Amino acid sequence: MEMESNIPKCLIIIMVMLTTASSQIPTTLDGPFDPLTRKFDPSLRLGSDDLPMNHPRLQKNVTSDFPEQIALALSSANSMWVSWITGDAQIGKNVTSLDPLTVGSEVWYGDQSGNYSKKRIGVSVIYSQLYPFEGLLNYTSGIIHHVKIDGLEPGLTYYYKCGDSSIRAMSEEHVFETLPLPSPNTYPRRIAVVGDLGLTANTTTTIDHLIKNDPSLVLMVGDLSYANQYVTTGGKGASCFSCAFPDAPIRETYQPRWDAWGRFMEPLISRVPMMVVEGNHEIEPQADGVTFQSYLKRFAVPSNESGSNSNFYYSFDAGGVHFIMLGAYIDYNRTGAQYSWLQKDLSLLDRSVTPWLVAAWHSPWYNSYSSHYQEFECMRLEMEELLYQNRVDIVFSGHVHAYERMNRVYNYSLEPCGPVYITIGDGGNIEKVDVDHADEPGKCPSPGDNVPEFGGVCHTNFTSGPAKGQFCWDKQPEWSAYRESSFGHGILEVVNSTYALWTWHRNQDIYKENSTGDQIYIVRQPELCLVSPQQHSQTRPSAATGFGVLESHVSSSCFLIYLITFTWLHLLL
């Protein structure tokens, strides 16, 4: 019986080995890799203009009380948030807030089209963005609805409508597929990762490409709509707030861009859950020091479900992957609430149930571009050791408008048990792609540059290694495995408890068949990298073959099949 129950797992491992060998996709066990840079393609444009507000994909296509901007987000293993907006937002000097109680919040759902066996009621809110300054316009939102639907079975297709049945204002039918339950043997089909998106022509290509790659979950690592730049850029180029509003003490954000962004994203996120974390463009300060109102009111996240009670940081499971979403623009110090929550969340984690641990926040700790170089060193110094000790496997960030994948690293040193850090802030926003590297002559920022919107400044020279005594390396750092200045998105496909395929897709590759910008199997080694600082080994494992599925990863009944395949591939290659 043991042999029969383990055959599927054996076959998965063997298939991964054969696929890796035949396609020559590298694994992290082949690393650390020599640093590689692919320069910006001069045949491309650095950026593109914002989509105009009258663009067809940004238009409101329903009457006032009917749902629009419909979106899904995970709540728990068997529940989902459904969010939408009704009513008309207002912008002007004098605006009057809508009453959120005038339109109900209902979701009807079931596992058969047109047959909705369950109904759930939720909550509704509004928010205002206020600027009592000459030349700036106030805004008040439509009614934002959030409903949690529960009792969902894993891996099933569900059909739903949302709205208010009492006034006959229900949406058309939408459909989604639930993710698998937490388990070491089941994973989402594809997890899309994207950041710094905006609403440009490049954004359109990114999302079209992402949809083509058919994800079952979307991870959005901050800087979503760029509503805070639409007025000052005029849809073109870099912002110049002081040029347009020299007497105003804060930057106006054009909140209708949020509504446009919600409409633009609805075809995707009304059927695929999207998990968000805040970026600096979500701060959006207004009168009386109020910040983050659009982010906090528009998006439902499992903060209460994960014990954080803050939409700025939370965690969730997707099959055998545990995600921790951290806030870079609120207190991250070891004495703060976020750090305390993170310690507890990690202490409760059972890696035998969710072997993979993935973290995401907006601002990268490891970054060899001039833009935002060492900007969030303070956060790294506070939190990196905790994540390293708990063996985080992958970290996703945005902020830098380019792509970069690191070798496994800890404290700026190559480390076989460190996370694989990936910068994916290349969604397509108005600020254009970053092309300058801090190690290039004349491109190293001064220690006074790159001051974060939140937190302290901890810029320092390196104290060891090839860049000892310097603020910047004089060549691509050894911890930077691959970097490229192109817009795009990534797809993570977790194969089993030790192998996950990461693929980065350039935007321009949408026009090519089976083309990828960067691809690697990320391999976990739990027998080497124990979740304990005392158990850590400084000895790098052998990576001569690049297959790396060790005996401890497979059952005794499976190991003979594995050994034969391993030997055959070793002789073949």
Side-chain angles (χ1 to χ4, degrees), residues 35 37 40 195-196 221-223 238-242 251 278-281 283 285 326-336 338-339 361-388 395 397-407 409-415 418-419 421-423 425-426 431-481 483 485:
T37 297
F40 178 72
D196 300 72
V221 295
D223 285 2
S239 60
C240 180
F241 178 75
S242 61
R251 172 183 288 178
E278 73 280 3
N280 56 299
H281 285 272
I283 298 175
L326 300 180
Y329 297 93
I330 59 166
D331 186 6
Y332 47 68
N333 292 308
R334 298 186 186 195
T335 56
Q338 179 174 203
Y339 193 93
W361 59 86
H362 182 61
S363 311
W365 294 348
Y366 290 92
N367 163 39
S368 66
Y369 284 81
S370 301
S371 178
H372 306 299
Y373 181 77
Q374 280 203 22
E375 187 173 290
F376 270 75
E377 274 292 282
C378 292
M379 185 182 182
R380 184 188 72 81
L381 292 170
E382 291 291 326
M383 287 187 154
E384 183 180 25
E385 184 179 3
L386 180 60
L387 298 185
Y388 169 72
V395 173
S397 296
H399 205 40
V400 177
H401 301 157
Y403 173 74
E404 187 169 20
R405 171 176 54 83
M406 316 308 156
N407 286 310
V409 61
Y410 169 64
N411 196 27
Y412 287 108
S413 297
L414 297 179
E415 169 52 64
Y421 289 83
I422 296 173
T423 300
D426 54 350
E431 292 181 326
K432 303 182 180 180
V433 70
D434 286 321
V435 297
D436 293 335
H437 305 114
D439 48 272
E440 295 172 333
K443 301 300 183 181
C444 179
S446 73
D449 294 335
N450 297 334
V451 176
E453 287 94 334
F454 178 87
V457 175
C458 300
H459 298 163
T460 58
N461 291 349
F462 292 98
T463 57
S464 61
K468 183 177 180 179
Q470 303 177 63
F471 185 53
C472 297
W473 287 58
D474 57 8
K475 60 181 179 180
Q476 185 174 356
E478 62 182 1
W479 38 262
S480 173
R483 62 189 183 186
S485 297

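These figures come from a predicted structure and were not determined experimentally.
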Enquirer: Evaluate the criterion side-chain contact (heavy atoms from CB on, under 4.5 Å) for residue pair S464 and Y412; output intermediate values, then yes/no.
Expert: CA-CA 9 Å; S464 61; Y412 287 108; over 6 Å; no
Enquirer: What I'd like to find out is whether the side chain of L386 reaches to under 4.5 Å of the side chain of Y339, using heavy atoms alone.
Expert: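 Touching, per the 4.5 Å side-chain cut-off.
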Enquirer: Rounded to the nearest 0.5 Å, what separation is found between the NZ atom of K443 and the SG atom of C472?
Expert: 12.5 Å
Enquirer: For V400, does its backbone N or O pair with a side-chain atom of H372 as donor and acceptor, under 3.5 Å?
Expert: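 It does not hold such a pair.
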Enquirer: Test your reading of the model: is there a side-chain donor-acceptor pair from D196 to the backbone of H399, 3.5 Å cut-off?
Expert: yes
Enquirer: For the side chain of E404 and the backbone of S368, is there at least one donor-acceptor N/O pair under 3.5 Å apart?
Expert: yes
Enquirer: Under 4.5 Å between any side-chain heavy atoms of N407 and E478, yes or no?
Expert: no
Enquirer: Is the backbone N or O of S371 less than 3.5 Å from a side-chain atom of N367, with the two atoms forming a donor-acceptor pair by type?
Expert: yes
Enquirer: Specify the closest pair of heavy atoms between Y332 and G456, including all atoms of both residues, with the distance to one decimal.
Expert: OH-N, 4.0 Å
Enquirer: So, applying side-chain contact (heavy atoms from CB on, under 4.5 Å) with N333, which one of M379, E382, M383 is it?
Expert: E382
Enquirer: Determine whether E385 and Y410 make a side-chain contact, defined as any pair of heavy atoms from C-beta on separated by less than 4.5 Å.
Expert: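 The answer is yes; the side chains approach within 4.5 Å.
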Enquirer: Looking at OG of S485 and OH of Y403, how far apart are the two atoms once the value is rounded to the nearest 0.5 Å?
Expert: 13.0 Å
Enquirer: Using a 3.5 Å distance criterion without hydrogens, assess whether the side chain of E377 forms a donor-acceptor pair with backbone atoms of Q374.
Expert: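 Looks like no, no N/O pair under 3.5 Å.
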Enquirer: Looking at W361, is its backbone amide N or carbonyl O close enough to the side chain of S397 to form a donor-acceptor pair, meaning the two atoms are under 3.5 Å apart?
Expert: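 It does hold such a pair.
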Enquirer: Relative to each other, are the rings of Y329 and H362 parallel, tilted or perpendicular (30° and 60° limits)?
Expert: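 Because their plane-to-plane angle lies in the 30° to 60° range, the rings of Y329 and H362 count as tilted.
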Enquirer: Quick one: CZ on F40 to CG on D436, what's the gap to the nearest 0.5 Å?
Expert: 11.5 Å
Enquirer: Just grab all the salt bridge (charged side-chain N to carboxylate O under 4.0 Å, His left out) pairs involving residues 448-473, residues at least two apart or on different chains.
Expert: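 Sorted pair list comes back empty.
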Enquirer: Would a distance-only check, ignoring hydrogens and angles, find a side-chain to backbone donor-acceptor pair under 3.5 Å from E431 to H401?
Expert: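 Here the side-chain-to-backbone pair does not exist.
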Enquirer: In terms of relative ring orientation, are Y366 and Y421 parallel, tilted or perpendicular, with 30° and 60° separating the classes?
Expert: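 Correct class here is tilted.
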Enquirer: Which value, rounded to the nearest 0.5 Å, describes the distance between L381 atom CG and T460 atom OG1?
Expert: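 Those atoms lie 7.0 Å apart.
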Enquirer: Looking only at atom types and distance, does a side-chain atom of N450 sit under 3.5 Å from a main-chain N or O of Y373, one as donor and one as acceptor?
Expert: yes
Enquirer: Tell me the closest heavy-atom pair linking P445 and S370, and the distance in Å.
Expert: CG-O, 3.4 Å
Enquirer: State, with a plain yes or no, whether a side-chain heavy atom of N280 is found less than 4.5 Å away from one of D223.
Expert: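 Yes, their side chains come closer than 4.5 Å.
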Enquirer: Identify the two heavy atoms, one from S480 and one from M406, that lie closest to each other, and give their separation to 0.1 Å.
Expert: CA-SD, 4.1 Å
Enquirer: Could I get the full list of side-chain contact (heavy atoms from CB on, under 4.5 Å) partners for N461, not counting sequence neighbours?
Expert: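 Expected list: F471.
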Enquirer: Could you report the tightest heavy-atom contact between Q476 and P35, atom names first, then the distance?
Expert: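 Reported closest heavy-atom pair: CD-CB, 3.4 Å.
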Enquirer: Is there a donor-acceptor pair under 3.5 Å between the side chain of E384 and the backbone N or O of N411?
Expert: yes
Enquirer: Determine the minimum heavy-atom distance between P452 and G455, stating which atoms define it.
Expert: CG-O, 4.0 Å
Enquirer: Ignoring hydrogens and geometry, is there a side-chain-to-backbone donor-acceptor pair from D439 to W473 under 3.5 Å?
Expert: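 No, the answer is negative, given that no donor and acceptor are paired below the 3.5 Å cut-off.
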Enquirer: Could you tell me which non-hydrogen atom of F376 sits nearest to which non-hydrogen atom of A328, and how far apart they are?
Expert: CE2-O, 3.2 Å
